[in-house]
Each structure stands twice: as structure tokens, then as C-alpha cells.
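Everything on this sheet refers to the single structure shown next.
In this text the structure is predicted, and so the values were computed from the model without any measurement. Quick note on labels: first sequence line is chain A, next is B, and so on, each numbered from 1.
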2 protein chains.
Amino acid sequence: MDKNDLIFTQIQPLLNYFTELIPLNAEEQHLVIELFKPRLYRKRQYALQEGDICNQFNFVVRGCLRMYKVDDKGNTHILQFASENWWISNIGSFHERKPSGLNIDALEDTMVLQISHENLLALYTQAPKFDRIFRVLIENNFVSLQKRLLQNISSTAEERYLSFLENYSHLSNRLPQTQIASFLGITPEFLSRLRNKQAKNS
Amino acid sequence: MDKNDLIFTQIQPLLNYFTELIPLNAEEQHLVIELFKPRLYRKRQYALQEGDICNQFNFVVRGCLRMYKVDDKGNTHILQFASENWWISNIGSFHERKPSGLNIDALEDTMVLQISHENLLALYTQAPKFDRIFRVLIENNFVSLQKRLLQNISSTAEERYLSFLENYSHLSNRLPQTQIASFLGITPEFLSRLRNKQAKNS
DNA sequence: AACTGCATCAAGAAATAGTATTGATGTAGT
DNA sequence: ACTACATCAATACTATTTCTTGATGCAGTT
């Protein structure tokens, strides 16, 4: 398999993703192939480090990334997981071109397709359809974020955990409990007890 | 401890390093503090990836980095380790602004102080003393490289290993044998046998 | 032809690092 | 006092990384 085949195989999920939102013509597909670059992040590797400007918009082909904030006490709080077919990037830092307060790193070896800020602007110019595609995509992200926030302010840890199981069933046995706990905003110990309780009740 | 104290603590070893070569006045110290940025590389993280242009000159505060070449067969050959108070960067790529054929990555979580190409030029302009400091520093690197080359073409693996033990005693029990073997240019298995032999002879 | 200095491959053992569980104890808010 | 969590410490478990060993091979001396 030569290099082009390889890139093509990896880019297929992204083309599918776009096409499901809005069908692309050949030229648009070609732009995507040209402007998105495949990149491998190895487990624990940063895709974005606090203080740097986020310059890439990432689509996960396989693996899993997380975006998180480290607070003054050194605790990490996970804002988002991104596994297959999800987008991740610090949108604020990306668009306003200012240093990120958040980190993104890899929980598994992760292949992404990424487009740089510059190339994304070029993409919008050359194929205005992507304005709409990215609007929709960001709306989706926004909605799921809003949902999480709402849940956070209105539910107990147990409820949040159950909802996590529903919404992220593919991740619940794939990620370490530490990460899930940090996503739910509880300690790993408490999550362990919650899981125990669940097991007993079933 | 606030953020400034933190940066100051980290930058001290670098100021010491320079001062031992040539004393710096307050203004020069200030430039160093301003132009060198602390940065953490986590174990396995790349500081420079083949194909990218090396844009940073790195001083290791703690931890250990390695610079290596991956050959056509996929074997890696380590050119240099850099632990505390050592410099590392692909000087060729850095100065000629062309893609690196070498990789740099972290063998341990590593804190570096790094200066970008742009800022280093600014430093030379604003404080010409650094021309001399960096000349000396690069000379030191050059000499140790030459020594290694000479040894490589003139010694058996066992001799090279013994010399490694002398010159890098602080690393010999800190790095995995795989890495040391790759530095010596032998297989880990053969290094294992050499070590065995040593142990018996003493 | 035998010997030396290495390599390669495969399998298993040993060491280390990462993750999960549990108990004891504490605290803020109802 | 009770609920919903946190913190700390110890232990257990699992996975990953690293090391060792044996078998085999080969190229370049002696």
C-alpha cells in the first residue's frame, strides 16, 4: 500500500462524516483531502499545551483524546473526550488566536485528521459550503456541552454516572476509571463505590 | 509560590550555566529570563519530529531527552542524550531552517528552557556576549561528538560500553538498556551479555 | 575449519508503572 | 444525625516495559 492509499483510507471517515451532513462534490472532496493532514498522537502526548495557541482543528479517526483544565490545586478536570468521529480543539484559542488555558492530550494512540487555522480559512473561502458544515458541527458540540453543564448543576454524581453510561457506552469500558471520574467531577474512589453499588443492585 | 517564582526557580540553572562560562550583567540576565521559555515534555513526547524544522534550542533543566535517526530499516540510532544542564537541538535544521532528518523525544518527563530561532537572533543582536557563549557551548558539543565518533570507529562494543560507563555514569542506571544499546550501536541482547560478563569479572 | 564478535528471533522472567478497591476518617449542607 | 461527597493510606491487581536466555546464523579473522 503506498502513501496515497494510506492517506485515502484514513480520510474516508472524514469524507463520510461531511457527506452525512451535506453531500460534497468532487472538488470539495479534493479540498478536504488536500487541506486535512493525518497525524498520529501517541498515548500521553499533547496535541495542545496550555499557553500555546491552538492552531489545529482535529477530527479523530481512531483512538481517544481529552481536553482538560488543570486548576490551581493541580487537579485536572476533563471537559471533553473525543473518540472516533468526534471533533476536538480549543475553539476559543483557535479562533481568537490567543494562548490556550486548556490542554489536549492522548489517552490512547490516536490518529487525527487536522486542519490548520490558515487552511481552514482557505477552505471557507474556496468552498463556502464548509461554513455551513462547520457551523452545524460546532452547534452539535455546543448542544452536547450545554447538556452536560445542565446535568452537572442538576444531578448527583450517581445520576451523572448513569447518564455517562448511556451517552458514552463505548467509552465506559475503554477508559480508565480515573479519567471517567475526572470527567464526572468526582474522585476515582467515589466512582469505584458507585460502580460497586450498581453491581449489587443488578 | 506564584508563577514568577516558579519560572525563576527553573531558570536559575541556566543562568548558572552561562555565568560559569562568562559572567552576565543584570541586563543580560534579564534578556535570558525574557527570551527562554520553560516547557515540559512528557515521556515519549516529541520535541522535534522528522520533517519539521527545528525551531528551538533546548536546555534541559531536569529529565532526559534523546536525539536519534530512524534508518530505512526502521532501526533507531541515538546520537545524543541530554540530561540536566545539557543542550540539545538539531543545529543543522535550526540554523539552515530546513526539515530535520532527526527526531528528538523525551525518555523521562523533562523540563527544558527553550529559545526560538527568532529570539536567539534577537538575543545575539541585543547582547553580543551570547555570540561567544553559544560558540563555546557549541564547541563543547562538537568536541564530545568528535570523541564519540572516534571511539566508534576504533573500539569494540565492550570498550564503548566501558567508556559510556565512565562518561555517563549518571545515566547508566537511569536509562533502560534498550536506549543505551541504541546509543552504543549494538542490540539490547548483546548489551545484556556484555553486562553479564562484566559482572562475572568483578 | 574453527573462533570471535556481533545480529536476529522467540519465549519467558522480572521489574515497574498504572489502575482499582477498600477502610478509616472528615466535612458541608440539609 | 444523615446524605453526598472528599481525602489519605494501604493493598491488590493488571498491563506494559524491560531484561535475560537460548538457539541459530553469518562475516571476517586466525
*Side-chain (B:R97) to main-chain (B:C54) donor-acceptor, under 3.5 angstrom*: yes
_B:R174: which residues meet the side chain to side chain donor-acceptor pair (under 3.5 Å) condition with it, sequence neighbours left out?_
B:E84, B:E108
*Using the ring of each side chain (for Trp, its six-membered ring), is B:Y168 parallel, tilted or perpendicular to B:H170, with breaks at 30° and 60°?*
parallel
*asked:* Output the rounded distance in Å from CG (A:D109) to P (D:dT16).
replied: 11 Å
Between the protein and nucleotides 24-30 of chain D, which nitrogen or oxygen pairs are less than 3.5 angstrom apart?
none

*Atom pair distance, as rounded to whole Å: CD in A:E159 and P in D:dC5*: 9 Å
*Centre of A:F190's six-membered ring, under 6.0 Å away, within 45 degrees of the axis: is that where NZ or CZ of A:R193 sits?*
no
*asked:* Are A:W87 and A:Y17, when compared by the centres of their aromatic rings, separated by less than 6.0 Å?
replied: yes
_Checking B:F81 now: which residues fulfil ring-ring contact (aromatic ring centres under 6.0 Å, His included) with it, not counting sequence neighbours?_
B:F183
_Check for me whether the distance between the ring centres of B:F59 and B:F36 falls short of 6.0 Å._
no
_Using 30° and 60° as the class boundaries, would you call the ring planes of B:F164 and B:Y161 parallel, tilted or perpendicular?_
parallel
*For B:I180 and D:dT20, what is the distance between atoms CD1 and P respectively, to the nearest whole Å?*
11 Å
*A:P176: partners by side-chain contact (heavy atoms from CB on, under 4.5 Å), with sequence neighbours left out*: A:T178, A:Q179
*Does B:N196 put a side-chain nitrogen or oxygen below 4.0 Å from OP1 or OP2 of D:dT21?*
yes
*Between A:R42 (CZ) and D:dT17 (C1'), how many Å, whole number?*
14 Å
*Do any N or O atoms from the side chain of B:E159 and from the backbone of B:T156 form a donor-acceptor pair under 3.5 angstrom?*
yes
_Please pick, from C:dT21, D:dT18, C:dT19, the nucleotide with the shortest atom-to-atom distance to any side-chain atom of A:S192._
C:dT21
*Given atom CG of B:N173 and atom P of D:dC19, what is their separation to the nearest angstrom?*
11 Å
_Does D:dC19 have its OP1 or OP2 closer than 4.0 Å to a side-chain nitrogen or oxygen of B:T178?_
yes
*asked:* Can you measure A:R174 atom CZ to D:dA15 atom P for me and round it to whole angstrom units?
replied: 16 Å
*How long is the line joining NZ of A:K43 and P of D:dA15, in whole Å?*
11 Å
Give every pair of a protein N or O atom and an N or O atom of nucleotides 27-30 of chain C that lie under 3.5 Å apart, one pair per line with the distance.
none

*Taking all non-hydrogen atoms of both residues, which atom of A:Q80 and which atom of A:R148 are closest, and how far apart?*
N-NH1, 4.3 Å
*Please determine if a side-chain N or O atom of A:Q177 lies less than 4.0 Å away from the OP1 or OP2 oxygen of C:dT21.*
yes
*Can you give one letter per nucleotide of nucleotides 5-14 of chain C, going 5' to 3': B for a protein heavy atom under 4.0 Å from the base, S for sugar-phosphate only, - for none?*
-BSBBB----
_B:R44, nearest nucleotide to its side chain (from C:dA20, D:dT17, D:dC19)_ = D:dT17
